[in-house]
Q: 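Got a structure here, written out as structure tokens. Questions coming.
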2 protein chains.
Amino acid sequence: MVAESEPNTGVLMFLPYRALENRVFAALAEAGFDDFTPAQARVMQRIGPDGTRLTELAEQAQITKQTAGFLVDQLEKAGYVTRVPDPSDRRARLVRGAAKAWAAKEVADAVVAQVEREWEEHLGRRRMRQLREALTLLREITDPWA
Amino acid sequence: MVAESEPNTGVLMFLPYRALENRVFAALAEAGFDDFTPAQARVMQRIGPDGTRLTELAEQAQITKQTAGFLVDQLEKAGYVTRVPDPSDRRARLVRGAAKAWAAKEVADAVVAQVEREWEEHLGRRRMRQLREALTLLREITDPWA
DNA sequence: TGACATTGGTCAGATTCCCTGACTACTTTG
DNA sequence: CAAAGTAGTCAGGGAATCTGACCAATGTCA
């Protein structure tokens, strides 16, 4: 567990990911969306257009459902999400994004697009396409929810 | 901040990264290295062959030096690292990996190599090479310590 | 149909991680 | 040498996360 001269492929992926996340968070904070935390955002990201169950959010974020519940409570208090009954299962409720969440998403999406343009500029169009192609393929064997 | 059908490049990078990290942790735990946490591991990863200062570890892990100090305390208690005076600066101490850390690193490296082989098998040699090439280039504009 | 297992979610309590602010000791710089 | 900067610690607190126990609704199958 000591730094090596040639980082493994995993580390090489983590670096740009973290850089992007940092940029998105900075932009959100600057736009006034400073009342949620990274952990809350990671849950919010996974809410589907029609709402998503707590258990599913927990699985995808790789946290316990208790933790997910705790984070959703806070998001609800801050006005980013609402909880509605799941019509198909009386035990369950769906976590839905509220207007405030869509507004934040717009800001986030714009930053992501900007950063991806910067990356493409640095790599060239061809390499950027190859990168996305390889990553998309890799998803098949690394994303349990692909 | 809601899930989209076409994940952005950052998310596409995070997925394999997390899959790899999970595999490494599982293997370490199975090999008996279950007495450290992910946060401690992220600090330990950044220790150089000749030792590294606390402040430098903190910067690279993007945590405060107080937090880094806390994590190094625990690693020291668990026998993974030692602290020795820095000969070039009497204020500073170098955090050094102990034998136990090298042993864990061997296990981790083996798993990383195995997972990379699986990735290469899935992508084909050419695409794997393109992937690493693009990621290495991207590091230039996303890694402050490149 | 009725017992049993499964699934969605909550409550309670503890631990870990990480931060800000304030401080000491040493080093660098003008 | 005085001032400013750097390495690290101490104190206190908040956020994220876990385990274990539990309840209610659903699914399964003899």
Q: Counting the atoms with a prime plus P, OP1 and OP2 as sugar-phosphate, which does A:T37 contact under 4.0 Å by heavy atoms, base, sugar-phosphate, or nothing?
A: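 The answer is sugar-phosphate, as A:T37 gets under 4.0 Å only of primed atoms, P, OP1 or OP2.
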Q: Between the base of C:dG13 and the side chain of A:Q66, is there any donor-acceptor pair under 3.5 Å?
A: no
Q: Quick one: list whatever passes salt bridge (charged side-chain N to carboxylate O under 4.0 Å, His left out) with B:R93, sequence neighbours left out.
A: none
Q: Applying salt bridge (charged side-chain N to carboxylate O under 4.0 Å, His left out), which residue pairs with at least one partner in residues 62-80 of chain B are found, sequence neighbours left out?
A: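 Listed once each, the pairs are B:D73-B:R83, B:E76-B:R83.
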Q: Closest nucleotide of DNA chain D for B:L94 versus for A:Q40: which of these residues is on the 5' side?
A: B:L94
Q: Check whether any side-chain nitrogen or oxygen of A:R83 sits under 4.0 Å from OP1 or OP2 of C:dT10, and answer yes or no.
A: yes
Q: I'd like to know if A:R91 reaches the base of D:dA25 with its side chain such that a donor and an acceptor end up less than 3.5 angstrom apart.
A: yes
Q: At less than 4.0 Å, is any side-chain N or O atom of B:T67 found next to OP1 or OP2 of C:dC17? Yes or no.
A: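 False: B:T67 side-chain N/O out of range (4.0 Å or more) of C:dC17 OP1/OP2.
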Q: So which of B:E30, B:E116, B:E118 actually passes salt bridge (Lys or Arg N to Asp or Glu O under 4.0 Å) with B:R23?
A: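 With B:R23 as partner, B:E30, B:E116, B:E118 yield a single salt bridge (Lys or Arg N to Asp or Glu O under 4.0 Å), made by B:E118.
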Q: Take the protein atom CG of A:L71 and the nucleotide atom C1' of C:dG9, then report the distance between them rounded to whole Å.
A: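 Going from CG in A:L71 over to C1' in C:dG9 covers 15 Å.
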Q: Let me know which of A:V81, A:D86, A:L57 forms a side chain to side chain contact (heavy atoms under 4.5 Å, CB included) with A:T52.
A: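 Testing A:T52 for a side chain to side chain contact (heavy atoms under 4.5 Å, CB included) against A:V81, A:D86, A:L57 leaves exactly one candidate, A:L57.
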Q: Under 4.0 Å, heavy atoms only, any strand: does A:D89 hit a base, just the sugar-phosphate, or nothing?
A: sugar-phosphate
Q: Using atom CZ of A:F70 as one end and atom C1' of C:dG9 as the other, report the distance to the nearest whole Å.
A: 16 Å
Q: At under 4.0 Å between heavy atoms, what does B:T64 touch on the DNA or RNA strands: base, sugar-phosphate, or nothing?
A: base
Q: Could you check how far NZ of A:K65 sits from P of D:dG20, rounded to whole Å?
A: 14 Å
Q: Expressed in angstrom and rounded to an integer, what is the separation of A:I63 atom CD1 from D:dT19 atom C1'?
A: 15 Å
